[in-house]
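Before any comments, here is the structure.
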Amino acid sequence: MYTRMMIRLGYPAQNLGLPETTNRTLRLASLIDVDRLKGIVRKNIAGLRNILHWNAERGIWLFRMGQDLVPFASHPAFPYDWTAEHGGELREAGELARTLGIRLSMHPGQYIQPASPRPGVAARGIEELRYVTRVFDLMGAEDAVTVLHIGGGYGDKPGTAARFVEVMSPQTEILRYLALENDERVWTAFETVETARSLGIPAITDSLHHNLNPDGLSLREALDLSLPTWEKRGTRPKLHLSSQDREKRPGAHAYSIDSLDLEALFSALDGREADVMVEAKGKEQALAAMGVRVR
DNA sequence: GTCCGTCAAGCAGGC
DNA sequence: GCCTGCTTGACGGAC
């Protein structure tokens, strides 16, 4: 099914079976404990290395690092120069990922709102995106991806999209890695592609979000729009795959991937190559259903 | 020792 | 207007 790397798979942030994570953190009030903070960052980077080795042995060629790799890195209260302190470790981890052939990503969360009309909110979001950019730069991760939602709509989506483009256009360092992802409530796959195109960056179609917010497009039509946006960057297109947890509200991720959702994605791809990030509560366990040996 | 509510941050939407 | 979910480990306080 996955011959010739038509499809490569990955999962985010942690490995349940090892168990290992890149997301150890601490409370903001504990940031003053510099020794402990440095230890947490080192453990996260060590966790990343362990996961990379484990993944490579099983042919898992994508991994999303947790946003807390360096906890509070973009916060004004962060107490030391983390790029100087951890640059060497990050460079070595990046070398490892390159040697193993694993593509990295990060996904800043719902608080990152570059198009917010509130200047402070927008500025903090940009700072977080700079942090991700510095991590990738230090790691030498040229094909890495910063995955971001456009954010709120503020009751005026065209105006907000224009503001997003205006705010992000000067951020050329961030744009080198940035890709925009559709969400399940506000920004459709079509709108996300349009906004990404205006910035000259690629778009990611998330299959579950698209099901909930399709705006009349089939998954195939959405992919027809988003896949070509990756040509300019010269890297493989990225997608997100997840299944609905039937017992929870729409948008909640299930533990594993429903075979119907997998088939629907393959059908929509129709032979085109893609890097597929599998967003499931079961993390690496969810890849078992796709023929990956996970133990 | 275990359990539980809360923790930096922003939004949309349901009530 | 208030509450919830998004994600998930940390951690203090209650018991």
Side-chain angles (χ1 to χ4, degrees), chain A residues 11-16 18-33 35-48 51 64-79 105-132 147-157 159-161 163-164 167 180-188 191-192 206 208-209 212-213 215 240 242-255 277-286:
Chain A
Y11 59 94
Q14 62 184 147
N15 182 302
L16 302 182
L18 276 177
E20 192 56 90
T21 180
T22 60
N23 250 350
R24 293 174 191 84
T25 184
L26 34 58
R27 295 283 191 88
L28 179 58
S30 305
L31 266 193
I32 50 169
D33 188 345
D35 288 341
R36 190 157 88 86
L37 176 54
K38 288 179 180 175
I40 285 171
V41 175
R42 294 207 176 93
K43 279 188 204 163
N44 281 340
I45 297 172
L48 171 62
I51 291 172
R64 179 193 299 167
M65 299 182 283
Q67 206 56 27
D68 286 333
L69 186 71
V70 183
F72 297 98
S74 70
H75 195 285
F78 195 90
S105 61
M106 288 181 101
H107 189 359
Q110 66 272 29
Y111 300 112
I112 308 310
Q113 304 279 348
S116 172
R118 298 158 61 190
V121 172
R124 283 193 291 278
I126 298 287
E127 280 307 306
E128 182 72 4
L129 294 170
R130 288 211 178 105
Y131 147 63
V132 174
V147 181
L148 183 69
H149 295 291
I150 296 172
Y154 307 99
D156 170 23
K157 285 208 282 180
T160 300
R163 191 165 61 247
F164 188 93
V167 166
L180 301 183
E181 179 191 353
N182 60 315
D183 65 79
E184 78 272 33
R185 286 196 291 205
V186 182
W187 300 97
T188 66
E191 292 163 338
T192 304
D206 180 298
L208 177 59
H209 294 163
L212 295 165
N213 189 17
D215 193 27
H240 288 176
S242 58
S243 289
Q244 173 67 43
D245 186 327
R246 305 284 167 208
E247 314 213 322
K248 296 187 181 161
R249 61 153 202 101
H253 290 165
Y255 186 85
M277 183 58 65
V278 177
E279 295 181 322
K281 297 281 188 193
K283 305 296 180 186
E284 88 285 355
Q285 302 290 320

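Please read all numbers here as calculations on a predicted model, not as lab measurements. Throughout, protein chains are lettered first and strands after them, A, B, ... in sequence-line order, and every chain is numbered starting at 1.
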Report the C-alpha separation of Glu181(A) and His107(A) in whole Å, then their side-chain angles, then the decisive distance to 0.1 Å, and conclude whether the side-chain contact (heavy atoms from CB on, under 4.5 Å) test is met. CA-CA 10 Å; Glu181(A) 179 191 353; His107(A) 189 359; 3.2 Å; yes

side-chain contact (heavy atoms from CB on, under 4.5 Å) evaluation trace for Ile150(A) with Val186(A): CA-CA 9 Å; Ile150(A) 296 172; Val186(A) 182; over 6 Å; no

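Between dA8(B) and dG1(C), the two C1' atoms lie 24 Å apart (nearest whole Å). The C1' atoms of dC3(C) and dT6(B) are separated by 16 Å, rounded to the nearest whole Å. Between dT4(C) and dG5(B), the two P atoms lie 12 Å apart (nearest whole Å). The C1' atoms of dC6(C) and dC3(B) are separated by 24 Å, rounded to the nearest whole Å. The same atom, C1', is picked in dT8(C) and in dG1(B); the two are 23 Å apart, to the nearest Å.
In this structure, the CZ atom of Arg124(A) is 6 Å from the C1' atom of dA9(B), given to the nearest Å. The OH-C1' distance, from Tyr131(A) to dA9(B), rounds to 15 Å in whole Å. Atom-to-atom, CZ of Arg185(A) to P of dG10(B) comes out at 16 Å; the value is rounded to the nearest Å. Between Ile150(A) atom CD1 and dA12(B) atom C1' the separation is 15 Å, expressed in whole Å. Here the P atom of nucleotide dC11(B) and the CD atom of Gln110(A) are 11 Å apart, to the nearest Å. Following rounding to the nearest Å, Arg118(A) (CZ) and dA9(B) (C1') show an atom-to-atom distance of 10 Å. Separating the CZ atom of Arg27(A) from the C1' atom of dT6(B) is a distance of 6 Å, rounded to the nearest angstrom. When rounded to the nearest whole Å, the span between CG of Asp183(A) and P of dG10(B) equals 18 Å.
Taking every nucleotide of DNA chain C with any atom under 4.0 Å from a non-hydrogen atom of chain A, the first and last of them, 5' to 3', are dG5(C) to dC11(C).
Among the nucleotides dA9(B), dA8(B), dC11(B), the one closest to the side chain of Pro117(A) is dC11(B). Among dA8(B), dC11(B), dG10(B), the nucleotide with an atom closest to any side-chain atom of His75(A) is dA8(B).
Within the 4.0 angstrom heavy-atom criterion, only backbone atoms of the sugar-phosphate kind lie near Tyr154(A); the bases stay farther away. Residue contacts for Gln67(A): at a heavy-atom cut-off of 4.0 Å it reaches no nucleic acid atom on any strand shown. Within the 4.0 angstrom heavy-atom criterion, only backbone atoms of the sugar-phosphate kind lie near His253(A); the bases stay farther away. Across all strands shown, Thr21(A) has no heavy atoms under 4.0 Å from either base or sugar-phosphate atoms. Using a 4.0 Å heavy-atom distance criterion, Ala77(A) is classed as making no nucleic acid contact. As judged by a 4.0 angstrom heavy-atom cut-off over every strand, Gly125(A) is placed among residues making no nucleic acid contact.
Minimum heavy-atom separation, Ala13(A) to Asn23(A): CB-ND2, 3.9 Å.
Between Gln14(A) and Thr21(A), the side chains place no donor N or O within less than 3.5 Å of an acceptor N or O (distance only, hydrogens not considered).
By the 4.0 Å N-to-carboxylate-O rule, Arg130(A) lies close enough to Glu127(A) to be salt-bridged with it.
Toward the 5′ end of DNA chain C lies the nearest nucleotide of Pro12(A), the other residue of the pair Pro12(A) and Ile40(A) mapping further downstream.
We find that the ring of Tyr111(A) and the base of dG10(B) do not stack by the test of centres under 5.5 angstrom and planes tilted less than 30°.
A side chain to side chain contact (heavy atoms under 4.5 Å, CB included) with Ser242(A) holds for exactly one of Glu279(A), Lys281(A), Met277(A); it is Glu279(A).
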Just the dot-bracket of DNA chain C, please: which string comes out with Watson-Crick or G-U pairs under 3.5 Å, [ ] for crossing, | for another strand? ||||||..|||||||

